[in-house]
Chemist: 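Pasting in a structure now, in structure tokens, and then I'll have a few things to ask.
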Amino acid sequence: TLFPYTTLFRSKMSLLRGSRQRRHRRMEEEEYGGEGDAGYYEGEAEQYTAMQGDAAPVTTTGGSLFRSEEMALCQLFLQSEAAYGCVSELGELGLVQFRDLNPDTNAFQRKFVNEVRRCDEMERKLRFLEKEIKKDEIPMLDTGDSPEAPQPREMIDLEATFEKLEHELREVNQNAQALKKNFLELTELKHILRKTQQFFDEQEGLEQEVGAGAQLIQDEGGAGGGLQLGFVAGVILRERLPAFEKMLWRACRGNVFLRQAEIEDPLEDPQAGDQVFKSVFVIFFQGEQLKSRVKKICEGFRATLYPCPDQAADRREMAVGVMQRLEDLNTVLGQTNDHRHRVLVAAAKNIKIWFVKVRKIKAIYHTLNAFNLDTSQKCLIAECWIPRLDMESIQLALRRGTERSGSPWRPSSTRCRPRSPRPPSSGPTSSPTDSRRSLTRTAWPPIARRTPPSSPSSPSPSSSPSCSVTPDTASSCSGSPST
């Protein structure tokens, strides 16, 4: 019995909701879209006073908490020597969005392309230092500070510092790699001498038990009718040993004798830095033809061959020399690693600050590439969107930038009346609300005061470079609009 009443109630609620939405849409069009540009720039908004507990009253314009600030399109005239400092101050302020006045110019044909390339080279060196620091698991000092952008003359000092660090670190890495390679070869030779001696000792014990008069390898200059055999010794990766043994047997038709033993401790590959397991092998054969065939097979399987004396006394003497050289190499390797560690620890203290400085310099020059040059080549002309309420702050920033550069001329600005471009949105934030800025922008983005972005007649300013400072990054000038 309640079904008709429930349906009637739902239909009434939907009608009320639709009429309310239409009424709100009509009010919004009358308030912001009906007056055109004149109503947008010259209309007076109502004033509201918000009370927050015992705090002082805060006066805001109607809807400013959820709508963008009123924006003005201005034209700046900057001296060439003061343009860098002015853009740096505006970037620290984070209230200006510049428009690209050279949209048809190639990126490689702009005025400050060489400075941008220098910044790219410095970033590459810093990334190399960062990779080496992370490889050694050295903590990088991050204080969270955002230093100011360095002056153009300081770029030379930064480039010299990065060049010196990169050259020193690459030289240390090359020396360490050569020492590790030599250490690996001596370690493999030590295991070969040890395992070979064990092979010959086992053979001598077997000959004494059997009573054979002939030796496996006849002494040099000795007489007798024993069989004259030659041998080669080397090391090979453990996983390649079964295929290596099959190839020897088939290529030499069973006329070789192979002895192998595993190396218990893993060895470090100097190129990849990985731990690998290897085995020692000794191949006995007769004749030069089999010898060349065995060496070619060893080369194909990337086995490393080492010289091994025939006499036991010579092998013991070589083993003593190898052990002494290994001790010396351990000392030199330790000193090299200590020096490398000191260099990386010193670089880890400043690498975060260096990254911020280089990226700020690069962002400034990217923004300067969007400016126009006048006919005298002494003045840069820029167009930018500026919030109306922050005009004084922006003018003070321009004066500070001019004073820092030492230019006697003051920058001038004129206000333009926008025709086709739609102004970007700008939402004011304070220090208590900075932490919730990303959440607010995601859940309730600021609404533009003019026609909605879906209008086909209003092009988007997404191609205009923006200059802003965020809490977690440095001053950034990119191709996205500053919202």
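Both backbone and side-chain heavy atoms feed into the values below; hydrogens, waters and symmetry mates do not. Not measured: the values here are computed from a predicted model.
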Chemist: When rounded to the nearest 0.5 angstrom, what distance separates CG in Leu179 from OG1 in Thr331?
Modeler: 11.5 Å

Chemist: Between OG1 of Thr336 and NZ of Lys180, what distance do you get to the nearest 0.5 Å?
Modeler: 10.0 Å

Chemist: Evaluate the side-chain contact (heavy atoms from CB on, under 4.5 Å) criterion for residues Leu193 and Cys308: first the C-alpha distance (whole Å), next the side-chain angles of each, then the deciding distance (0.1 Å), finally the verdict.
Modeler: CA-CA 7 Å; Leu193 294 174; Cys308 184; 4.2 Å; yes

Chemist: Would you say NZ of Lys291 has more than 12 non-hydrogen atoms from neighbouring residues, nucleotides or ligands within 6.0 angstrom?
Modeler: no

Chemist: With a 4.5 Å heavy-atom cut-off, do Leu368 and Val87 have their side chains touching?
Modeler: yes

Chemist: Would you please name every residue forming a ring pair (Phe, Tyr, Trp, His ring centres under 6.0 Å) with Tyr306, sequence neighbours left out?
Modeler: none

Chemist: Determine all donor-acceptor pairs shorter than 3.5 Å in which one atom belongs to a side chain in residues 162-171; sequence neighbours excluded.
Modeler:
unit_1: Glu163; atom_1: OE1; unit_2: Lys125; atom_2: NZ; d: 2.5
unit_1: Glu166; atom_1: OE2; unit_2: Arg124; atom_2: NH1; d: 3.1
unit_1: Glu166; atom_1: OE2; unit_2: Arg124; atom_2: NH2; d: 3.2
unit_1: Glu166; atom_1: OE2; unit_2: Arg170; atom_2: NE; d: 3.2
unit_1: Glu166; atom_1: OE2; unit_2: Arg170; atom_2: NH2; d: 3.4
unit_1: Glu168; atom_1: OE2; unit_2: His339; atom_2: NE2; d: 3.1

Chemist: Where do Phe281 and Phe199 land on the ring pair (Phe, Tyr, Trp, His ring centres under 6.0 Å) test, with the steps shown first?
Modeler: CA-CA 10 Å; Phe281 63 88; Phe199 293 157; over 10 Å; no

Chemist: With heavy-atom distances below 4.5 Å as the criterion, would you say the side chains of Met318 and Pro309 are in contact?
Modeler: yes

Chemist: Before giving the answer on side-chain contact (heavy atoms from CB on, under 4.5 Å), spell out for Leu90 and Leu398 the whole-Å C-alpha distance, their side-chain angles and the decisive distance to 0.1 Å.
Modeler: CA-CA 7 Å; Leu90 293 177; Leu398 291 174; 3.8 Å; yes

Chemist: Could you tell me whether the side chain of Arg315 and the main chain of Arg194 form a donor-acceptor pair under 3.5 Å?
Modeler: no

Chemist: A side-chain contact here means heavy atoms from C-beta on lying under 4.5 Å apart; do Cys119 and Phe112 qualify?
Modeler: no

Chemist: Considering the options Glu92, Glu81, Glu89, which one meets the salt bridge (Lys or Arg N to Asp or Glu O under 4.0 Å) requirement together with Arg404?
Modeler: Glu89

Chemist: Take the angle between the ring planes of Phe244 and Phe301 and call it parallel below 30°, perpendicular above 60°, tilted in between.
Modeler: perpendicular

Chemist: Quick one: SG on Cys379 to CD on Gln79, what's the gap to the nearest 0.5 Å?
Modeler: 5.5 Å

Chemist: Closest heavy-atom contact between Tyr84 and Gln151?
Modeler: CE2-CA, 4.1 Å

Chemist: Any idea which heavy atoms bring Ala176 and Leu333 closest together, and the distance?
Modeler: O-CD2, 4.1 Å

Chemist: Would you say Gln197 and Ile192 make side-chain contact, with heavy atoms under 4.5 Å?
Modeler: no

Chemist: State plainly whether the residues Lys360 and Glu148 are in salt-bridge range, i.e. N to O under 4.0 Å.
Modeler: no

Chemist: Glu123 pairs by salt bridge (Lys or Arg N to Asp or Glu O under 4.0 Å) with which of Arg117, Lys362, Arg118?
Modeler: Lys362

Chemist: So, using ring pair (Phe, Tyr, Trp, His ring centres under 6.0 Å) as the criterion, who are the partners of Phe277 when residues are at least two apart?
Modeler: none

Chemist: Side-chain donor-acceptor contacts of residues 247-276 below 3.5 Å, not counting sequence neighbours, with atom names and distances?
Modeler:
unit_1: Asn255; atom_1: ND2; unit_2: Cys252; atom_2: O; d: 3.2
unit_1: Arg259; atom_1: NH2; unit_2: Glu202; atom_2: OE1; d: 2.8
unit_1: Asp269; atom_1: OD1; unit_2: Gln271; atom_2: N; d: 3.4

Chemist: Around atom CD of Glu121, are there more than 12 heavy atoms of other residues, nucleotides or ligands at under 6.0 Å?
Modeler: yes

Chemist: Taking all heavy atoms of Leu189 and all of Pro307, pick out the closest pair and write down the distance.
Modeler: CD1-O, 3.9 Å

Chemist: Rounded to the nearest 0.5 Å, how far apart are SG of Cys86 and CG of Leu78?
Modeler: 5.0 Å

Chemist: Can you find a pair of side-chain heavy atoms, one from Val96 and one from Phe98, that are under 4.5 Å apart?
Modeler: yes

Chemist: Would Asn175 and Val332 satisfy side-chain contact (heavy atoms from CB on, under 4.5 Å), going step by step from the backbone distance to the final call?
Modeler: CA-CA 10 Å; Asn175 294 337; Val332 177; over 6 Å; no

Chemist: Quick one, Pro147 and Lys357 - any side-chain contact, counting heavy atoms below 4.5 Å?
Modeler: yes

Chemist: Can you tell me how far CD1 of Ile283 sits from SG of Cys298, rounded to the nearest 0.5 angstrom?
Modeler: 4.5 Å

Chemist: Is the CD atom of Gln289 crowded by more than 12 outside heavy atoms at less than 6.0 Å?
Modeler: no

Chemist: Mind checking whether Phe77 and Phe371 have ring centres under 6.0 Å apart?
Modeler: no

Chemist: Please give me the minimum heavy-atom distance between Ala149 and Ser88, naming the atom from each residue.
Modeler: CB-OG, 3.5 Å

Chemist: Can you list, pair by pair, the side-chain donor-acceptor contacts under 3.5 Å of residues 130-142, counting residues two or more places apart and other chains?
Modeler:
unit_1: Glu132; atom_1: OE1; unit_2: Arg340; atom_2: NH2; d: 2.3
unit_1: Asp136; atom_1: OD1; unit_2: Arg340; atom_2: NH1; d: 2.9
unit_1: Asp136; atom_1: OD2; unit_2: Arg340; atom_2: NH1; d: 2.6
unit_1: Asp142; atom_1: OD1; unit_2: Gly144; atom_2: N; d: 3.3

Chemist: Any side-chain heavy atom of Arg240 sitting closer than 4.5 Å to one from Arg302?
Modeler: yes

Chemist: Answer whether the closest heavy-atom distance between the side chains of Leu229 and Phe285 falls below 4.5 Å.
Modeler: no

Chemist: Taking all heavy atoms of Ala382 and all of Leu101, pick out the closest pair and write down the distance.
Modeler: CA-CD1, 4.0 Å

Chemist: Could you pull out the closest heavy-atom pair between Asn369 and Val113, with the gap in Å?
Modeler: OD1-N, 4.2 Å

Chemist: Do Leu329 and Leu186 pass the side-chain contact (heavy atoms from CB on, under 4.5 Å) test, and can you show the C-alpha distance, the side-chain angles, and the key distance before you say yes or no?
Modeler: CA-CA 10 Å; Leu329 272 179; Leu186 291 177; 3.4 Å; yes

Chemist: Excluding sequence neighbours, so at least two apart, what forms side chain to side chain donor-acceptor pair (under 3.5 Å) with Ser292?
Modeler: none

Chemist: What's the separation between atom CD in Glu115 and atom CD1 in Ile361, rounded to the nearest 0.5 Å?
Modeler: 10.5 Å

